[in-house]
Undergrad: 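The structure that follows is given in the form of structure tokens.
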Amino acid sequence: MGQGTADAGKLNWMTTKLDAALGWARKFSIFQYPFVTACCGMEYMATACSHYDVDRFGAGFPRFSPRQADVLFVVGTISHKMAPVLKRIYDQMMEPKWAVAFGVCTCTGGFYDNYATVMGIDTIIPVDVYIPGCPPRPENVLDGLMKLQDKIQLGTLADAPTGPEGRPAELRVLHQPGAHL
Amino acid sequence: MSDTHVLPLEPHTRSTETRHMFLNIGPSHPAMHGIIQITAELDGERLLATDVEIGYLHRGFEKMCELGPYNNAIPYTDRLNYVSPLINNFGYCWAVERLMGIEAPERCQYIRVILSEISRITDHLTCVGASAMELGAFTVFLYMIKAREVLWELIEAVAGARLTISYGRVGGVKADLPEGFAQRTHAALEEVRRVLIECDKLLTRNRIFVDRMQGTGVISKELAISYGITGPFLRGSGVNYDVRKAYPYFVYDRLQFDVPLGSTGDNYDRYLVRMEEMEQSMRLVEQALKQIPAGPILVDGGGQAIPAAAMVDLAKLGQTGGMKRVNVVTDPTLGGSTKSFHCGINAPERRAVLPPKEDTYGNIEGLMHHFKLVMMGHGIRPPQGEVYAPVEGANGELGFYVVSDGSDRPYRVRVRPPCFTIMAALPDLLIGGMLADLVPTFGSVNMIGGELDR
Amino acid sequence: MSDVTRVVHERFPHWVIASHAYRGDQTVVLKREGLLEVCAALRDAPELACEFLMDLGCVDYLSFGSFQGSAPTLTTPSPLPYFMKPAPTAEMWERGVPNEFRFEVVYHFSSLTHGHRLRLKVPVTAQDAVVDSVTGLWRAANWFEREVWDMYGVRFAGHPNLKRILMYEPFEGHPLRKDYPVNKRQPLIGPVN
């Protein structure tokens with residue numbers, strides 16, 4: 001019996017360390033899929049190119065096939081016409097996968113509160129990191145990327161749910177359209 | 001089951017059938033930096049028919065403009081052509097100014113020219129860089145984005161933001177040029193020139209690049225005109241039409257510049273036109289910086305300079321006597337506005353132009369004035385009428401058609417998007433060519449979603 | 001009256017409803033029956049020579065002039081705040097037709113040869129919102145007319161492929177009409193929020 005618990009403890013220690021190692025490896029080798037639709041794409045370009053150099057964070061290699069990517073960067077306004085495409089691309093990605101809402105249009109819809117746009121992509125797909133800004137400055141993007149890396153490091157250990165359910169309790173605000181009216 | 005005849009696959013019964021292949025390209029495709037869908041009918045690698053589907057970035061610009069007062073539309077115009085937002089800003093402001101029958105001061109006109117041209121350079125850099133990247137020349141892309149970064153820093157020094165600047169105002173601009181702007185601009189343009197020379201060496205005689213660009217995406221003069229194509233795309237076909245020359249606005253008629261023209265109308269010509277236009281834009285900026293008149297430094301002399309914050313404090317204590325004559329020194333916390341510069345860059349038209357921030361915060365007249373222009377139902381109110389204001393955007397003629405019904409919000413804002421007409425011509429450019437030619441042709445269209453779908 | 005407007009007046013007096021040059025923009029309001037005839041002359045007549053169809057849009061005049069701001073004290077139609085005197089305006093703008101003609105299709109032409117611009121407006125009623133298509137004269141009209149159909153629901157007779165362009169096929173209504181609520185959403189997937 002005593003021998004058994006020691007083994008189990010050892011095993012747990014092993015798997016924990018393995019998970020940590022996996023998380024460490026994953027967070028520095030992000031293969032991202034830039035789903036670029038709008039203005040934010042310009043700042044995405046600026047971040048990805050040599051001046052701000054997103055490669056320092058191990059995320060410098062965009063994959064344009066969703067099957068080869070682990071992080072979906074949703075960059076720019078998503079209209080209702082585009083929403084099914086986004087959902088389909090997210091579904092095509094392999095687990096484990098993460099999604100980043102880049103720019104305020106993807107976070108909440110921004111100031112395009114009208115018939116054409118989706119009010120935040122988290123109504124369609126789960127989102128891990130929200131990067132606000134219209135568009136976010138490259139420093140802001142890098143900050144968001146580091147937050148994503150932290151989440152990737154922890155994600156497999158904590159098995160945390162993604163999307164709105166994954167937020168801390170005090171930030172888990174129910175989505176109330178028309179609350180401002 | 002008994003009715004089913006299973007045909008034996010004997011060699012003599014086999015027949016070959018040739019079918020066309022249908023290929024769906026987009027809306028999210030690696031080789032294209034825009035969200036459109038092209039449905040192509042292929043015979044081998046040759047394109048037989050294409051159908052272009054747009055609208056994936058339709059976000060109701062024109063509807064949103066009708067909802068708020070005139071100034072509220074300015075941030076939306078930033079996001080039309082988001083690679084050169086300043087041109088959109090100034091185009092819209094100019095349309096409203098014409099509707100009001102007012103004119104921005106001379107210094108402001110020069111500032112608008114300078115920043116429009118810097119914006120045009122950033123647009124062309126992005127277009128050439130991105131289309132070169134799609135042909136495999138990734139280095140060029142990195143160099144050009146680096147050069148764009150230098151220009152964006154310049155824009156940031158003026159407007160306070162890199163990309164979505166909201167810098168234009170009806171009757172003027174938000175803030176004057178900062179200290180040492182001319183020197184910074186000269187340094188930045190030097191750097192851009194260096195990058196352009198390098199990229200020219202990398203691309204212009206590069207065998208792969210030339211082979212893929214030359215003779216692809218050809219459009220004749222007549223067809224281009226019939227499609228209503230303007231800008232570098234039309235000039236690549238050899239038609240001399242530039243809004244800056246044909247219908248000079250701001251102060252373009254006082255500046256010297258050449259309009260580069262292509263001859264064959266293929267992708268390579270358009271690339272050369274864009275490269276040359278960047279040089280011409282730099283020439284325009286340099287001339288405008290030489291000619292720009294100094295703003296009237298003092299509205300009415302006699303006042304000593306005090307910091308803006310101190311002025312606000314005095315005003316809070318009620319010591320507003322003589323405050324109209326006080327010359328306030330620059331304070332970045334007040335949105336880059338200083339009273340002495342304000343009248344140099346904004347029209348003396350109280351029906352349309354917001355007062356200097358120091359007055360808004362400092363005295364009751366300024367606050368009232370601000371209130372009268374900002375509050376719903378008050379605002380800028382042009383008389384009933386309509387106006388079409390064309391400016392030369394980076395992709396061609398960018399027109400704002402504004403209809404006023406006499407209220408404080410635009411009744412209708414219609415944008416004439418330059419790349420819309422080019423996209424309409426895309427099937428004609430592609431059909432008959434190879435599938436691989438789609439990439440350089442689409443790159444040279446410089447399709448900008450915000451402008452195309454609005 | 002400038003040359004372009006005068007030429008159009010002289011050649012087609014029976015089709016022209018009104019014309020003006022507000023803020024320097026030459027404008028002719030046309031009866032819609034005469035559209036194709038006038039457009040063909042605009043393109044081909046050497047003294048007009050409008051090679052470019054620069055823009056084609058539409059305006060919905062449903063609530064024109066009836067907007068009341070949220071500031072109830074200011075109901076005067078004057079464009080000025082009450083404490084300012086209006087600047088004298090020499091030119092006056094008039095629509096030319098009553099607002100029963102709800103839609104107005106607006107064409108902007110530009111001439112490469114002569115350098116003039118001309119705006120052509122064709123008012124139509126909501127019940128019979130059909131205008132002849134000018135796709136046969138300018139290829140640019142194809143997508144512009146599709147956009148007007150998509151956004152306003154004005155039909156173009158003779159258009160080869162009149163279908164939605166910016167919105168998706170299942171979308172109901174025409175979003176830029178003044179009576180379409182701005183945030184009435186019709187999502188393809190996801191919640192209506």
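The chains referred to below are lettered A, B, ... by the order of the sequence lines, with proteins before strands, and numbering in each begins at 1.
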Undergrad: Which is it for Ile30(A) and Ile152(A) under the side chain to side chain contact (heavy atoms under 4.5 Å, CB included) test, yes or no, and what are the steps along the way?
TA: CA-CA 10 Å; Ile30(A) 294 174; Ile152(A) 292 175; 4.0 Å; yes
Undergrad: Sub-4.5 Å heavy-atom contacts with chain A: which residues of residues 136-154 of chain C show up?
TA: Met151(C)
Undergrad: Where do Met119(A) and Thr123(A) come nearest, in terms of heavy atoms and distance?
TA: O-CG2, 3.8 Å
Undergrad: Between atom CD of Gln26(C) and atom NE2 of His108(C), what is the distance when rounded to the nearest 0.5 Å?
TA: 11.5 Å
Undergrad: Does atom CZ of Arg155(C) have more than 12 heavy-atom neighbours from other groups under 6.0 Å away?
TA: no
Undergrad: Among Val104(A), Ile131(A), Leu142(A), Thr47(A), exactly one meets side chain to side chain contact (heavy atoms under 4.5 Å, CB included) together with Pro136(A). Which residue is that?
TA: Ile131(A)
Undergrad: Would you please classify the geometry between the His116(C) ring and the His114(C) ring as parallel, tilted or perpendicular, with 30° and 60° separating the classes?
TA: parallel
Undergrad: Who in residues 162-171 of chain C is close to chain A, using a strict under-4.5 Å heavy-atom cut-off?
TA: Ile165(C), Leu166(C), Met167(C), Tyr168(C), Phe171(C)
Undergrad: Report the C-alpha distance between Gln186(C) and Tyr115(A) in whole Å, list the side-chain angles of each, state the deciding distance to 0.1 Å, and finish with yes or no for side chain to side chain contact (heavy atoms under 4.5 Å, CB included).
TA: CA-CA 7 Å; Gln186(C) 303 178 27; Tyr115(A) 60 91; over 6 Å; no
Undergrad: Given side chain to side chain contact (heavy atoms under 4.5 Å, CB included), test Glu104(C) with Val97(C) step by step and report yes or no.
TA: CA-CA 10 Å; Glu104(C) 202 164 70; Val97(C) 287; 4.1 Å; yes
Undergrad: Can you name the residues of residues 33-60 of chain C that have some heavy atom under 4.5 Å away from a heavy atom in chain A?
TA: none
Undergrad: Just how far is it from atom NZ of Lys27(A) to atom CG of Asp70(A), taken to the nearest 0.5 Å?
TA: 15.0 Å
Undergrad: On a heavy-atom basis, which atom in Thr77(A) and which in Ala38(A) lie closest, and how many Å separate them?
TA: N-CB, 3.8 Å
Undergrad: Just checking heavy atoms, which of residues 126-134 of chain C are less than 4.5 Å from chain A?
TA: none
Undergrad: For the residue pair Met93(A) and Ala69(A), what are the closest heavy atoms and their distance?
TA: CE-O, 3.8 Å
Undergrad: Does the distance from a Lys or Arg side-chain N to an Asp or Glu carboxylate O, for Arg6(C) and Asp3(C), drop under 4.0 Å?
TA: yes
Undergrad: Looking only at non-hydrogen atoms, find the nearest pair between Lys178(C) and Ser63(C) and report the distance.
TA: CD-OG, 3.7 Å
Undergrad: Take Ile17(C) and Lys31(C), measure what side chain to side chain contact (heavy atoms under 4.5 Å, CB included) needs, and give me the verdict at the end.
TA: CA-CA 7 Å; Ile17(C) 301 174; Lys31(C) 287 180 188 157; 3.7 Å; yes
Undergrad: Run the side-chain hydrogen bond (donor to acceptor under 3.5 Å, both in side chains) test on Gln32(A) and Tyr44(A) for me, step by step, so that the C-alpha distance in whole Å, both residues' side-chain angles and the decisive distance to 0.1 Å come before the verdict.
TA: CA-CA 12 Å; Gln32(A) 27 143 345; Tyr44(A) 174 81; 2.5 Å; yes
Undergrad: What is the distance from atom OH of Tyr22(C) to atom CD of Glu94(C), rounded to the nearest 0.5 Å?
TA: 12.0 Å
